Amino acid sequence: MTTAPADPADTATVEARLFDLLNQARADAGLGALARKGAVDSVARAWSTHLADGGLALAHNPDYASQIPSGWSSAGENVAWINDNGTLSAAEVAQRMHDAWMASDGHRANILGAYTTVGIGVAHDPAHGWYLTQNFATY
């Protein structure tokens, strides 16, 4: 059975929920919220879409630092993948990915890092699942 592609509203819901979860984790750690920047979202979304469209293995974007708008002093990236076979809601996808990132030392360090800005991009392919990217920057 082939699942249907995610509705664009679902990908937007996952992105928004990931942003909320990220800033809640930062607040819980006594850190300030990150600002979401559309130009950085575009970098994250393009990478997730690249992976999803090709059904590619999960990998970091080797060029993200040069794609983030100039002026940053530090940058980082989290990527994730989940193939739920169409069984999870958008909110559940976001929660599972956030929880997995928080359980990983390197990903958690990015979420709780000394960044000021984040871009979040999500893409879905019915055969390959959800691809999620967070790009972080300090301006």
Side-chain angles (χ1 to χ4, degrees):
M1 177 176 124
T2 301
T3 59
D7 184 303
D10 289 342
T11 57
T13 298
V14 173
E15 289 177 1
R17 184 70 183 134
L18 283 171
F19 181 64
D20 291 343
L21 290 166
L22 175 148
N23 276 327
Q24 184 59 57
R26 291 180 62 82
D28 291 348
L31 302 169
L34 297 183
R36 193 165 172 198
K37 187 172 185 174
V40 184
D41 280 347
S42 294
V43 174
R45 196 171 294 120
W47 186 248
S48 290
T49 299
H50 167 75
L51 294 173
D53 285 353
L56 302 176
L58 187 63
H60 284 277
N61 177 352
D63 300 318
Y64 78 89
S66 66
Q67 296 167 352
I68 293 172
S70 64
W72 57 267
S73 59
S74 63
E77 180 179 68
N78 286 346
V79 294
W81 168 82
I82 184 172
N83 189 357
D84 70 333
N85 295 310
T87 61
L88 299 175
S89 70
E92 290 169 322
V93 168
Q95 188 68 57
R96 285 199 185 183
M97 288 301 86
H98 175 76
D99 291 347
W101 279 331
M102 290 300 287
S104 163
D105 290 342
H107 296 101
R108 180 183 178 90
N110 279 339
I111 289 169
L112 301 180
Y115 297 111
T116 59
T117 304
V118 66
I120 299 172
V122 173
H124 180 264
D125 176 88
H128 302 106
W130 295 89
Y131 292 82
L132 309 95
T133 305
Q134 293 176 320
N135 288 118
F136 301 90
T138 302
Y139 285 94

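We use all heavy atoms of the structure for the numbers below, so side chains are in, but hydrogens, waters and symmetry mates are not. Everything quoted here is computed from the prediction, not taken from an experiment.
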- line: Heavy-atom closest pair (I120 atom, R36 atom, distance to 0.1 Å) is O-NH2, 3.5 Å

statement: Heavy atoms of S89 and E92 approach each other most closely as N-OE1, 2.7 Å

message: Can a donor-acceptor pair be found, under 3.5 Å and without considering hydrogens, that links the side chain of D84 to the backbone of G129?
response: no

query: Does some side-chain heavy atom of N23 sit less than 4.5 Å from a side-chain heavy atom of L34?
result: yes

message: Looking at every non-hydrogen atom in both residues, tell me the closest pair between P69 and Y139 and how far apart they are.
response: O-OH, 2.6 Å

field: Test item: L21 and M97 side chains (from C-beta on) under 4.5 Å apart, heavy atoms
entry: no

- request: Mark yes or no for whether T138, through its side chain, and A114, through its backbone, hold a donor-acceptor pair below 3.5 Å.
  value: yes

query: Between atom CZ of R45 and atom OG1 of T11, what is the distance when rounded to the nearest 0.5 Å?
result: 7.5 Å

- prompt: Can you tell me if R26 uses its side chain to pair, donor with acceptor, with the backbone of G32 under 3.5 Å?
  reply: yes

message: Holding to side-chain hydrogen bond (donor to acceptor under 3.5 Å, both in side chains), I want the full list of residues that pass it with D28, two or more places apart in sequence or in another chain.
response: Q24

field: Close side-chain approach of S48 and W81, heavy atoms under 4.5 Å
entry: no

- prompt: Ignoring hydrogens and geometry, is there a side-chain-to-backbone donor-acceptor pair from W47 to A59 under 3.5 Å?
  reply: yes

message: Does any part of the side chain of D10, heavy atoms only, come nearer than 4.5 Å to the side chain of V93, both counted from C-beta?
response: no

query: Where is the tightest heavy-atom contact between E15 and V122, given as atom of each residue plus distance?
result: OE2-N, 2.9 Å

- request: Please step through side chain to side chain contact (heavy atoms under 4.5 Å, CB included) for the pair I68 and F136, ending with a clear verdict.
  value: CA-CA 9 Å; I68 293 172; F136 301 90; over 6 Å; no

task: Identify which one of N135, N110, T133 satisfies the side-chain hydrogen bond (donor to acceptor under 3.5 Å, both in side chains) criterion when paired with N78.
output: N110

- prompt: So, for H98 and W101, is the gap between ring centers shorter than 6.0 Å?
  reply: no

- request: Using modelled atom types only, decide if a donor and an acceptor are shared between the side chain of E77 and the backbone of N61 within a distance under 3.5 Å.
  value: yes

message: If I compare all heavy atoms of D125 with all of A52, which pair ends up nearest, and what's the gap?
response: CB-O, 3.4 Å

message: Is there a path of hydrophobic side-chain contacts, each under 4.5 Å between heavy atoms of I/L/V/M/F/W/Y residues, joining I111 to V14?
response: yes

query: Would W130 and V43 show up in the same hydrophobic cluster when neighbours are defined by side-chain heavy atoms closer than 4.5 Å?
result: no

statement: In terms of heavy-atom contacts, Y64 and G76 come closest through OH-CA, 3.5 Å

- prompt: Does the pair R96 and I82 meet the rule for a side chain to side chain contact (heavy atoms under 4.5 Å, CB included), with working shown?
  reply: CA-CA 9 Å; R96 285 199 185 183; I82 184 172; 4.1 Å; yes

- line: Applying side-chain contact (heavy atoms from CB on, under 4.5 Å) to S42 and not counting sequence neighbours gives none

message: Is it the case that the side chain of W72 and the backbone of A65 share a donor-acceptor pair, with hydrogens and angles ignored and the cut-off at 3.5 Å?
response: yes

Shared hydrophobic cluster for F19 and L132 (ILVMFWY, side-chain gaps under 4.5 Å): yes

Heavy-atom donor-acceptor pair, Y131 side chain to L56 backbone, under 3.5 Å: yes

